[in-house]
Amino acid sequence: MSDNRFDPASADARWQAAWAKARCFEADSASTRPKAYVLEMFPYPSGRIHIGHVRNYAMGDVLARYKKMRGHEVLHPMGWDAFGMPAENAAMEKGVHPAGWTHENIATMRAQLQRLGFALDWSREFATCDPSYYGHEQALFLDLHEAGLVYRRSSAVNWDPVDMTVLANEQVVDGRGWRSGAPVEKRQLDQWFLKITAFADGLLEGLGTLEHWPEKVRLMQENWIGKSQGLQFRFDLSNGDSVEVYSTRPDTIFGASFVAVAPDHPVAQAVAMNNCDAGKFIERCKQGGTTAAELETAEKLGFDTGLGARHPFTQQHLPVFIANFVLMEYGTGAVMGVPGHDQRDFEFATKYALPIQRVVAASPDLADAPLTEAESGEGILVHSAFLNGMDVPTAKGAIIARAEAEGWGEGKTVWRLRDWGVSRQRYWGTPIPFVHCAQENGGCGTVPVPRDQLPVTLPEDVDFATPGNPLDRHPSWKHTKCPQCGGEARRETDTLDTFINSSWYFLRFASQPADKPFDAAEVAQWLPVDQYIGGVEHAILHLLYARFWTRALAACGKLDVQEPFASLFTQGMVTHETYRAGDGSWLSPGEVRRNGDDYLRVEDGTPVTLGRVEKMSKSKKNVVDPDTIIARHGADAVRWFMLSDSPPERDLPWSESGIEGCARFVQRLWRLFQQHDSNATGEDRALARKTHQSIAAVGEDIESLGFNKAVARLYELAGAIDKAPPSADRTTAIRTALLLAAPMMPHLAEEGWAAMGEAQRTGGLVADAPWPQVDPALLVEDEVTIAVQVKGKLRDTLIVPKDVPNPELEALALASEKVQRSLDGAPVRKVIVVPGRLVNIVA
RNA sequence: GCCCCUGUGGUGGAAUCGGUAGACGCGCUCGACUCAAAAUCGAGUUUCCUCGUGAAGUGCCAGUUCGAGUCUGGCCAGGGGCACCA
């Protein structure tokens with residue numbers, strides 16, 4: 001320290017070792033302190049930590065360290081979401097084994113996280129590809145099976161006929177396999193499903209209790225679950241058949257002017273048998289895009305089948321269409337069309353010249369007001385026989401009651417949510433613990449592997465040279481004995497969706513006995529997770545599956561928790577400028593140097609075009625490697641940058657000057673710490689006040705995850721200390737600044753703590769030190785600045801002692817020369833006084 | 001197409017309740033220190049003008065209010081989500 005600079009290259013590793021040695025961050029389940037479970041979404045070990053991880057984990061780390069300083073027993077674990085396709089892709093491309101590739105990546109990434117000094121409980125670390133993890137997962141799968149929540153049925157997959165393999169949706173590009181380029185086929189396979197739909201109601205209701213989740217995420221889940229209530233009823237057809245339709249607006253039944261069925265509806269198929277135009281139309285419906293935006297803008301097309309559907313009340317025959325906008329998967333695959341009160345039906349009716357009848361109006365005297373577009377809002381029923389005069393909800397109830405009483409329909413709740421297909425025809429996943437016994441005389445069918453034979457482990461000697469599922473191809477692995485009859489049997493070669501791995505890892509972090517997945521009592525102690533932090537890309541699937549899995553385990557009696565994540569935070573991405581060379585190729589930041597307002601290529605000085613600020617991605621080369629910047633600036637500067645400026649839910653633009661500024665501030669604080677003088681005497685009330693205001697503000701900012709604000713407060717406090725002359729209060733302020741900065745810059749804080757002699761005096765690390773106490777008396781200013789406005793415009797400010805009574809304030813304001821000049825003799829009509837804030841004079 | 005979010009200086013953003021818009025950082029300008037540089041420190045930095053005791057200003061247009069970045073209505077732009085869901 002001879003050159004009086006903080007040296008992260010030596011300090012970082014030294015304090016990381018000290019924390020590990022003191023086992024500072026190992027959570028004690030036996031502790032009596034209030035618990036705090038802080039969790040960031042665990043990473044997939046793709047190779048290296050990227051800057052987005054650093055931001056995510058820095059946020060959780062600040063909260064974890066802060067909670068510890070506030071006296072909580074903190075659980076802040078880390079592990080690896082280690083199963084998944086990239087490992088198999090690496091195996092195919094580089095000839096490495098998925099397990100070896102994954103474990104190497106984990107070792108690299110663990111070391112990277114450790115270099116950032118995160119306060120993680122590494123004693124609880126695990127990877128989901130450990131048999132000790134996925135074996136317990138198999139046991140839980142059997143629990144769900146016993147509870148009737150697991151079943152098998154045939155379902156379509158994307159089949160690549162060249163690679164002889166099943167493709168994920170993301171592996172299908174423009175209808176072709178991403179590797180082979182062959183057109184993808186739909187193939188029916190028997191697959192495993194979890195009955196998430198059995199929990200639809202609970203998952204929807206539960207959203208209401210998650211007040212500390214972003215509104216946006218709750219809304220997305222609500223839409224995904226998609227509950228609707230309506231009437232399912234039958235139309236008799238002119239050919240003697242009948243068709244079931246479902247409507248959420250059965251109250252508008254008297255406005256129905258047609259019936260539409262999906263192209264793959266049996267009625268449509270039957271028509272197509274005798275009518276080749278219908279067949280052609282059905283074929284045409286199968287083409288075209290499937291995304292919502294494409295479908296919305298696609299023309300609404302129909303084919304008149306010539307059939308009539310008898311209206312249950314008017315007995316009129318409504319035409320039956322095959323329509324491209326009706327989906328077989330939802331409801332009954334058939335709808336009644338009410339053009340007056342559904343925009344899509346309105347467009348359809350206009351196109352095919354069908355009657356448009358108003359049956360809801362704002363008031364009865366508007367019953368015959370013309371319709372220029374569908375009116376789907378509230379109103380009073382008209383032209384609707386016995387429903388006339390009712391409001392929409394009443395009419396809905398009345399029509400459902402009548403349909404049920406007369407037996408031609410019933411009220412029904414329909415969900416968009418579908419059961420969760422968990423079969424993956426892949427190697428690198430949790431083996432599904434079942435065997436198929438296929439003895440010649442019928443066999444025992446699909447039989448669970450007995451629990452004492454778990455885990456069913458993956459074979460290690462697999463080859464990826466040939467396409468297809470290596471488990472299926474393995475010479476011996478799948479051949480086994482039936483646990484029931486002892487006869488020849490075949491192991492299930494599908495593995496579980498990796499979303500299952502991440503659906504209970506937070507339970508295993510809380511409790512990890514060897515003989516069972518977790519201990520319910522210990523889980524109850526830690527759960528729910530008090531703060532969960534991750535990317536918004538997991539807003540629906542991961543978070544919904546984890547909620548479902550938790551509820552399902554609770555239903556099996558394994559748990560006493562309904563909602564696993566009490567509070568959720570979704571952080572923004574890290575972005576960076578993009579650069580392009582003259583030939584249009586992307587350049588990495590290291591290949592570009594700045595010269596005034598121009599950007600030049602380092603190697604040859606040719607001009608570089610500055611592109612948009614975008615999410616860091618390898619393809620655009622606008623990436624920054626955490627290791628490089630840690631080596632250059634130290635872990636604390638990197639952490640500080642990740643927390644500065646941008647609100648955590650928004651994107652954070654990476655900039656070289658920004659990180660340099662952070663590194664500068666690290667040194668500035670270091671210089672400040674060295675001015676800590678325990679012999680200084682004398683008061684500095686203003687600085688003491690600033691100090692205590694900072695303690696309160698930084699604490700509140702961290703608790704509300706407003707890290708950018710906490711950072712700004714620390715800059716302010718540092719500025720105030722800089723300007724203050726030596727005093728006992730200044731010494732306290734320096735010590736306080738160190739403690740307030742400690743969750744964000746822990747290495748610097750420890751180094752300063754030792755340099756100040758506090759480590760020796762308190763006998764401990766900052767990591768174990770308590771958060772400073774706020775003196776409420778010092779939060780209040782003695783003097784306040786009062787804004788003086790004339791007709792709402794600022795004309796003057798007054799500095800007055802606090803608690804000056806209103807009449808006196810008013811008098812002071814009116815006495816102001818600037819106010820008098822501004823009033824220019826006009827009579828004062830009214831004066832508004834906001835104590836401690838302002839005086840507004842209305843003339 | 002529908003739903004949601006976001007628009008504040010050159011830039012990232014502050015402004016907890018409707019009460020002094022622009023805290024704090026970055027950048028830039030000027031200065032100090034130095035033989036010089038780095039590092040550091042200090043001052044300035046919304047815009048406009050007639051440079052004042054001035055005017056305007058938080059995407060645009062209205063409105064409510066003594067007072068609007070903040071509330072209401074209508075637009076515009078950018079981003080995200082999606083379900084033709086009957």
Side-chain angles (χ1 to χ4, degrees), chain A residues 3-5 214-217 219-220 223-224 226-228 230-232 245-250 252 260 262 290-298 300 323-327 329-338 342-345 347-348 414-416 536-537 539-540 613 640-641 644-647 649-653 655-662 664-665 667-668 671 697 700-701 704 706 708-719 722 785-797 817-822 829-834 836-843:
Chain A
D3 61 351
N4 199 23
R5 285 178 68 77
E215 183 62 39
K216 180 172 72 167
V217 174
L219 194 70
M220 282 160 77
N223 290 340
W224 189 264
K227 180 181 188 173
S228 70
L231 176 69
Q232 183 171 323
V245 303
Y246 173 74
S247 174
T248 53
R249 290 295 305 276
T252 61
T290 53
T291 68
E294 281 172 308
L295 290 167
E296 281 286 356
T297 44
K300 297 278 112 356
N324 64 345
F325 59 83
V326 181
L327 298 180
E329 298 81 49
Y330 188 81
T332 59
V335 299
M336 68 168 183
V338 185
D342 181 292
Q343 187 57 29
R344 193 190 45 211
D345 293 347
E347 288 168 30
F348 192 83
V414 168
W415 304 86
R416 197 192 83 94
V536 73
E537 65 272 21
I540 297 177
V613 174
W640 187 250
F641 184 91
S644 300
D645 289 350
S646 288
E649 68 277 11
R650 290 216 216 154
D651 289 352
L652 172 69
S655 82
E656 197 50 38
S657 53
I659 183 72
E660 282 164 13
C662 293
R664 259 200 310 274
F665 186 63
Q667 297 301 339
R668 186 174 159 207
R671 286 194 301 275
E700 282 166 30
D701 289 338
S704 63
N708 57 322
K709 292 192 257 176
V711 161
R713 311 268 190 204
L714 273 160
Y715 277 116
E716 273 185 60
L717 179 60
D722 263 336
T785 309
I786 303 288
V788 181
Q789 297 178 334
V790 175
K791 288 188 277 187
K793 293 202 176 190
L794 183 71
R795 293 298 169 188
D796 201 358
T797 56
E817 195 189 329
K818 291 176 185 171
V819 168
Q820 283 305 324
R821 213 178 297 126
S822 176
R829 287 195 291 142
K830 192 176 175 186
V831 178
I832 290 140
V833 180
V834 182
R837 282 276 185 186
L838 63 66
V839 179
N840 189 9
I841 297 161
V842 188

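A note on names: the letters A, B, ... follow the listed sequences, proteins ahead of strands, and every chain is numbered from 1. In this text, all values refer to a predicted model and were calculated from it rather than measured experimentally.
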### Message
Over all strands shown, is A:Val326 touching base, sugar-phosphate only, or nothing at heavy-atom distances under 4.0 angstrom?
### Response
base

### Message
Need one value for A:Arg416: base, sugar-phosphate or nothing, where a base atom within 4.0 Å counts as base even if backbone is also close, heavy atoms only.
### Response
base

### Message
Taking only side-chain N and O atoms of A:Arg344, does any of them lie within less than 4.0 angstrom of OP1 or OP2 on B:C2?
### Response
no

#### Entry: Sugar-phosphate, base or nothing in reach of A:Thr785, heavy atoms under 4.0 Å
base

### Message
Side chain of A:Arg795, heavy atoms from C-beta onward: which of B:C82, B:A23, B:G54 has the nearest atom to it?
### Response
B:G54

### Message
Using a heavy-atom cut-off of 4.0 Å across all strands, would you classify A:Glu215 as base, sugar-phosphate, or nothing?
### Response
nothing

### Message
Using a strict threshold of under 4.0 Å (side-chain N to carboxylate O), is an ion pair present between A:Arg713 and A:Asp701?
### Response
yes

Protein N or O to nucleotides 7-13 of chain B N or O, pairs below 3.5 Å:
unit_1	atom_1	unit_2	atom_2	d
B:G12	O2'	A:Ser646	OG	2.8
B:G12	N2	A:Asp645	OD1	2.8

### Query
Hey, what's the ring geometry for A:Phe665 with A:Tyr715, parallel, tilted or perpendicular (30° and 60° as the breaks)?
tilted

### Query
Is the base of B:C17 syn or anti, where syn means the angle lies within 90° of 0?
syn

## Note on the structure
For RNA chain B, the expected dot-bracket line (Watson-Crick or G-U under 3.5 Å, [ ] crossing, | inter-strand) is (((((((..(((......[....)))((((((.......))))))((((..).)))..(((((..]....))))))))))))....

#### Entry: 5′-ward residue of the pair A:Gly226/A:Glu817 relative to RNA chain B
A:Glu817

### Message
Using a 4.0 Å heavy-atom cut-off, does A:Tyr246 contact any base of the nucleic acid, only the sugar-phosphate backbone, or nothing at all?
### Response
base

Between the protein and nucleotides 63-70 of chain B, which nitrogen or oxygen pairs come in under 3.5 angstrom?
unit_1	atom_1	unit_2	atom_2	d
B:C66	O2'	A:Asn840	ND2	3.4
B:C66	O2	A:Asn840	ND2	2.4

### Query
Think A:Lys709 has a side-chain N or O under 4.0 angstrom from the OP1 or OP2 of B:A15?
yes

### Message
Checking understanding here: a glycosidic angle within 90° of 0 is syn, the rest anti, so what is B:G79?
### Response
anti

### Message
List the residues meeting salt bridge (charged side-chain N to carboxylate O under 4.0 Å, His left out) with A:Glu660, not counting sequence neighbours, and say none if there are none.
### Response
none

### Message
I'd like to check the side-chain contact (heavy atoms from CB on, under 4.5 Å) partners of A:Val326; sequence neighbours left out, ordered by chain and number.
### Response
A:Ala260, A:Ala262, A:Ala323, A:Val335

### Task
At under 4.0 Å between heavy atoms, which parts of nucleotides 38-49 of chain B does protein reach? Answer with one letter per nucleotide, 5' to 3': B base, S sugar-phosphate only, - none.
-SSS--------

### Task
Looking only at side-chain atoms of A:Trp224, point me to the closest of B:A83, B:G19, B:G25.
B:A83

